[in-house]
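Right, one structure below, let's go through it.
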Amino acid sequence: MAETLKGTLAEQILIDDSDVPDWLLTEILQRLPVKHIFMFKCVSRRWFTLISDPFFARSYATRINDSLSLSTSQPWNLLFRYLFEARILPSSMIDDRVALKQFQDFSLPGFSLNYLPSEQDCPIKILALSNGLLLCSESFYWQKNYYICNPLIRQWIALPKPRQTLQSVAIGFISKDDGYNVVRIPTADSSSNILQLESFSSETGQWRCSMVHCPVPDYYIKTDCPVVHYNDSLHWLEFRHSKIITYNPDEETSQLHLMNLPNGKESEHLSLLGVSRGHFRYFEVTDTCQGPRNLSVWVLSDYDAQEWCLQYRISFSDYWSDQDELKKFIPKHNFYIFPLALHPHDFDIVYLSYGGCLVSYSLGTRKLEVVRRNLYSHELLDFVLPPWPRRIPQPSW
């Protein structure tokens with residue numbers, strides 16, 4: 001009898017909220033993590049209506065932005081762009097896209113890509129991200145199926161297949177409030193001054209092919225370096241001529257442009273582009289495991305004039321491996337150091353692959369911290385959650 005009464009009381013507490021006014025229930029819900037809010041849409045028709053109201057989203061975003069102004073930052077994490085096939089990874093890692101153990105919005109099972117279709121027996125690849133949305137495909141080569149998804153609310157759409165299937169393409173993705181654009185260009189060109197650019201617009205729902213002038217012949221784009229969306233343009237790192245190739249899909253001329261990399265750069269391969277606190281940066285590590293190794297970070301001080309300012313240049317030394325946490329499992333000599341990511345909110349923090357581990361490094365204090373062992377991918381993306389999850393506009397095509 002006591003158990004029955006206890007169960008009935010619990011059911012009433014969970015279901016009967018008729019005495020709670022809308023304004024109070026809204027206030028309660030808006031203090032929850034956003035991932036849980038979307039899950040609670042299923043509780044009742046009333047909760048679904050309150051959460052779906054545009055006022056709720058505006059109010060939640062305002063609350064988050066106000067809290068951000070009080071020294072906190074938007075939740076973020078590093079995502080693995082790809083995972084190995086299931087037969088290589090332990091079952092516990094099959095869909096573990098999140099590299100850092102921080103912020104519960106990124107915890108499994110909610111944050112996952114296992115709902116995306118795949119014709120191949122391997123996990124989906126993340127090609128690019130923009131404004132809280134991911135652009136994904138089944139492979140890095142011979143891409144034909146593209147998906148845009150919001151992993152936080154598990155919403156996704158499939159794009160129409162492009163007109164051509166190319167072996168290797170450099171991908172760009174720009175997501176805005178009123179739609180999105182996807183851009184494809186060949187990753188390499190031998191000698192021609194003209195190349196074919198493919199672009200997809202959510203406004204038209206179609207792929208469009210155009211012939212554009214190639215600003216540098218015999219180029220080669222680093223596909224392991226993620227494309228960066230900054231100043232309304234896409235930026236790809238080109239290492240054969242040490243340039244940055246840029247493209248703005250909103251320009252009427254529809255042309256590719258070149259940007260110079262910093263003077264004094266030393267690395268040809270171990271480098272990447274990124275954005276920290278709204279500033280465009282270049283991060284490199286000397287690409288050798290023997291002799292002097294330097295870590296350097298530049299910031300673009302003037303975008304139009306292409307003026308770079310060197311922020312840090314740090315020489316690696318053996319004292320790195322003298323830290324108790326590191327010397328147990330990181331070799332002291334003959335190891336590679338890979339630049340992996342820039343912290344999106346902190347100028348002083350960068351992320352490296354060091355001795356097979358994911359480590360954070362403070363450029364200010366020169367302190368290394370192991371944040372993940374058994375690093376199984378050297379390609380990461382920094383994913384910052386927007387104040388309110390973006391819903392993908394339903395396609396009209």
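These numbers come from the heavy atoms of this one structure, side chains and all, not from hydrogens, waters or symmetry mates.
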Atom of Ile337, atom of Tyr354 and distance for their closest heavy-atom approach:
CG1-CD1, 3.6 Å
Heavy atoms of other groups near Tyr303 OH, more than 12 under 6.0 Å
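Yes, the 6.0 Å shell around OH holds more than 12 heavy atoms from other groups.
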Residue set satisfying salt bridge (Lys or Arg N to Asp or Glu O under 4.0 Å) with Arg46, at least two apart, ordered chain then number -> Asp17, Asp22
Using salt bridge (Lys or Arg N to Asp or Glu O under 4.0 Å) as the criterion, list what pairs up with Lys222, not counting sequence neighbours.
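If we apply the salt bridge (Lys or Arg N to Asp or Glu O under 4.0 Å) test to Lys222, skipping adjacent residues, the hits are Asp224.
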Is there a side-chain contact between [X] and [Y], using heavy atoms and a 4.5 Å cut-off?
| X | Y | answer |
| --- | --- | --- |
| Leu234 | Val183 | yes |
| Leu78 | Leu381 | no |
| Phe280 | Trp308 | yes |

Those residues that, when tested against [X], pass ring-ring contact (aromatic ring centres under 6.0 Å, His included) (two or more places apart):
| X | result |
| --- | --- |
| His241 | none |
| Phe239 | Tyr220, His269 |
| Trp388 | Phe38, Phe56, Tyr60 |

Mind checking the CG-CD1 spacing from Leu50 to Ile37? Nearest 0.5 Å is all I need.
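The distance works out to 11.5 Å.
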Non-neighbouring partners of Thr246 that pass side-chain hydrogen bond (donor to acceptor under 3.5 Å, both in side chains), sequence neighbours left out
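Expected list: none.
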Consider only side-chain N and O atoms of Gln206 and Ser201, and report whether a donor and an acceptor are under 3.5 Å apart.
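Distance-only check fails for Gln206 and Ser201.
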Is it true that Asn145 and Glu138 share a donor-acceptor pair across their side chains at a distance under 3.5 Å?
yes
